[in-house]
Amino acid sequence: MNRKVDDFRLRFGKQELIPIMIGGMGVDISTAELALEAARLGGIGHISDAMVPTVSDRRYDTDFVKEKLKKYKYNIDNTDKSAVKFDLGQIAEATRLHVSRTMEAKRGSGMVFINCMEKLTMNAPRETLKVRLHEALSAGIDGITLAAGLHLGSFTLMEDHPRFRDARLGIIVSSLRALQLFLRKNARLDRLPDYIVVEGPLAGGHLGFGMDWAQYDLATIVAEIQAWMSAEHLDIPLIPAGGIFTGSDAVAFLEHGAAAVQVATRFTVSTECGLPADVKQEYFKASEKDIEVNTISPTGYPMRMLKNSPAIGSGIRPGCESYGYLLDANGNCSYIDAYNREVALHPDAKKISVMDKTCLCTHMRNFKCWTCGHYTYRLKDTSHKLANGKYQMLSAEHIFHDYQFSSGNKVALPDAVAETFSHPA
Ligand SMILES: Cc1cc2nc3c(=O)[nH]c(=O)nc-3n(C[C@H](O)[C@H](O)[C@H](O)COP(=O)(O)O)c2cc1C
């Protein structure tokens, strides 16, 4: 029988949802608009807590980045960035603004979660993470997905928040070991995660694997985790992610006991996605050979991206006085070291190139690091190529419904716009 995703439901207590979750995509690639569409359609959407102060400046007309830069301008030529600290009050205000505005706009029976990355260490890892988690809860987010990092202490950071036991809290893992570690570290809290996203090696963004990612397979990791949880009598919804491209791919996981699926790449070419229109066309156009997994992210995790991303090889001055989200607890970032090394090697050069690392904050902020999922090269098959050579943008609703209702490994194309049929004179 050809089943559809719509034949399944995700259950959170009494609430029933369409088992489709759109994953978090920072920096503001999974926008509030995209997350709100998922919620309106009865599923789950994510906003991201990556670089929220700059997102807030762009969306809500605040001046957080300008104020930080003004305070630390004196330090721009200094290689030591340890003095560049975030103002916790400003992070709180930006998070509150982003989350509360999004939640006020929520319609429909679905949910909006926030993707919170541990690797955003912000020159004060514990303090800044605590503020981000607390403010998201206080501002009414439906749930928090702990991402990019091990998050061994994150539940403890939220323990004293009044919503700690009622908000939906989940974690992303890429191995059974990471899950076991998380559960062991948090055993004393008597509070299990409400869901576990199991992210395989074909996902976009940072990968929870080494450069040997191709040796791993999502279905195998999910089965391993499932078997262990069942032996431990743990009943927590499992949500596979990474490379689930069609409704039928999703059904295969749901039939094997997954509670829902998390998807992202298909939505990078939706109107509601935050990438600029010309970048969405790059995603549409990409072939398999145009995509790579590399190690230029200063986080230390491999990252998948389009090879023609302007971030690759860029030698811009580190932007820590404005951003600084990847500064570790001592104010270090591996891009700063790589940049300083190249400057020392080429003292007279006007412009340098840095190949081994990138200034991820500045480039993600400016949509110059085109991170993407493995199957990005299949996006061209999900839309129409127009007479002008561009691809027709899709609505998030169209993609969501395609996941929900398609079967037989098919992808529904959108209604063609008139331009599709126009011929050059
Ligand atoms: C453009 C892009 C940006 C992403 N950024 C993040 C992120 O900031 N945090 C995160 O946890 N996952 C991130 N991801 C991973 C997704 O949330 C999701 O788990 C994964 O991509 C699902 O696989 P799929 O893209 O093959 O559907 C990103 C994915 C993409 C495509």
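Counting starts at 1 for both ligands and their atoms, following the listed order. FYI, side chains are in, hydrogens and waters are out, and symmetry mates aren't considered; it's all heavy atoms of this structure. One-based numbering along the sequence shown.
- Ser270 pairs in a side chain to side chain contact (heavy atoms under 4.5 Å, CB included) with only one of the listed residues (Leu275, Leu34, Thr31, Ile22), which is Leu34.
- When only non-hydrogen protein atoms are considered, atom 21 (O) of ligand 1 lies nearest to Gly204 N, 3.0 Å.
- The part of Glu199 lying near ligand 1 is the side chain, judged by heavy-atom distances below 4.0 Å.
- Polar contact check, Gly373 against ligand 1: no nitrogen or oxygen pair lies under 3.5 Å apart.
- By the ring-ring contact (aromatic ring centres under 6.0 Å, His included) test, Phe164 is found to be paired with Phe155, residues two or more places apart in sequence or in another chain being considered.
- Of all the heavy atoms in Gly331 and Ile336, the pair that sits closest is O-CD1, 4.4 Å.
- Aromatic ring pairs are classed by plane angle as parallel below 30°, tilted from 30° to 60° and perpendicular above 60°; the pair Tyr60 and His98 is tilted.
- Ring pair Phe113/Tyr195: centre-to-centre distance below 6.0 Å.
- Summary of contacts: the protein heavy atom closest to atom 5 (N) of ligand 1 is Met25 CA, 3.3 Å.
- Among Gly208, Gly242, Cys372, the residue whose heavy atom lies closest to atom 22 (C) of ligand 1 is Gly242.
- From the protein, the heavy atom lying nearest to atom 1 (C) of ligand 1 is Thr371 O, 3.1 Å.
- Between Ile172 and ligand 1, no N or O atom pair is found at a separation short of 3.5 Å.
- Ligand 1 lies less than 4.0 angstrom from a heavy atom belonging to Gly243.
- The protein non-hydrogen atom at the shortest distance from atom 8 (O) of ligand 1 is Gly26 N, 2.9 Å.
- Note on ring orientation: taking the six-membered ring where Trp is involved, the planes of Tyr391 and Phe284 are parallel (angle under 30°, cut-offs 30° and 60°).
- By the 30° and 60° cut-offs, the orientation of the rings of His374 relative to Tyr377 is perpendicular.
- Donor-acceptor pairing under 3.5 Å is recorded for the side chains of Thr62 and Ser56.
- Under 3.5 Å, the side chains of Arg365 and Thr54 contain a donor-acceptor pair of N or O atoms.
- Residue-level proximity to ligand 1 for Met117 is carried by the side chain, the only part with a heavy atom below 4.0 angstrom.
- Against a heavy-atom cut-off of under 4.0 Å, Gly23 is close to the following atoms of ligand 1: 17 (O).
- The closest heavy-atom contact to atom 18 (C) of ligand 1, among the options Gln262, Arg304, Met21, Lys119, comes from Gln262.
- The shortest contact between atom 27 (O) of ligand 1 and any protein heavy atom is with Ala264 N, 2.9 Å.
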Legend entry - Stepwise salt bridge (Lys or Arg N to Asp or Glu O under 4.0 Å) test for Asp6 and Arg9: CA-CA 7 Å; Asp6 195 45; Arg9 287 293 178 268; 3.1 Å; yes
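- Only the side chain of Asn115 comes within 4.0 Å of ligand 1, counting heavy atoms alone; its backbone N, CA, C and O stay farther away.
- Here the protein heavy atom with the shortest distance to atom 20 (C) of ligand 1 is Ala203 CB, 3.6 Å.
- Shown in contact with Ala147 at under 4.0 Å from a heavy atom are these atoms of ligand 1, numbered in order with element: 11 (O).
- When Gly205, Pro240, Gly24 are ranked by how near their heavy atoms come to atom 12 (N) of ligand 1, first place goes to Gly24.
- In summary, the side chains of Thr246 and Asp249 do present a donor paired with an acceptor at a separation below 3.5 Å, with no hydrogens or angles considered.
- Among the atoms of Thr265, some N or O lies under 3.5 angstrom from an N or O of ligand 1.
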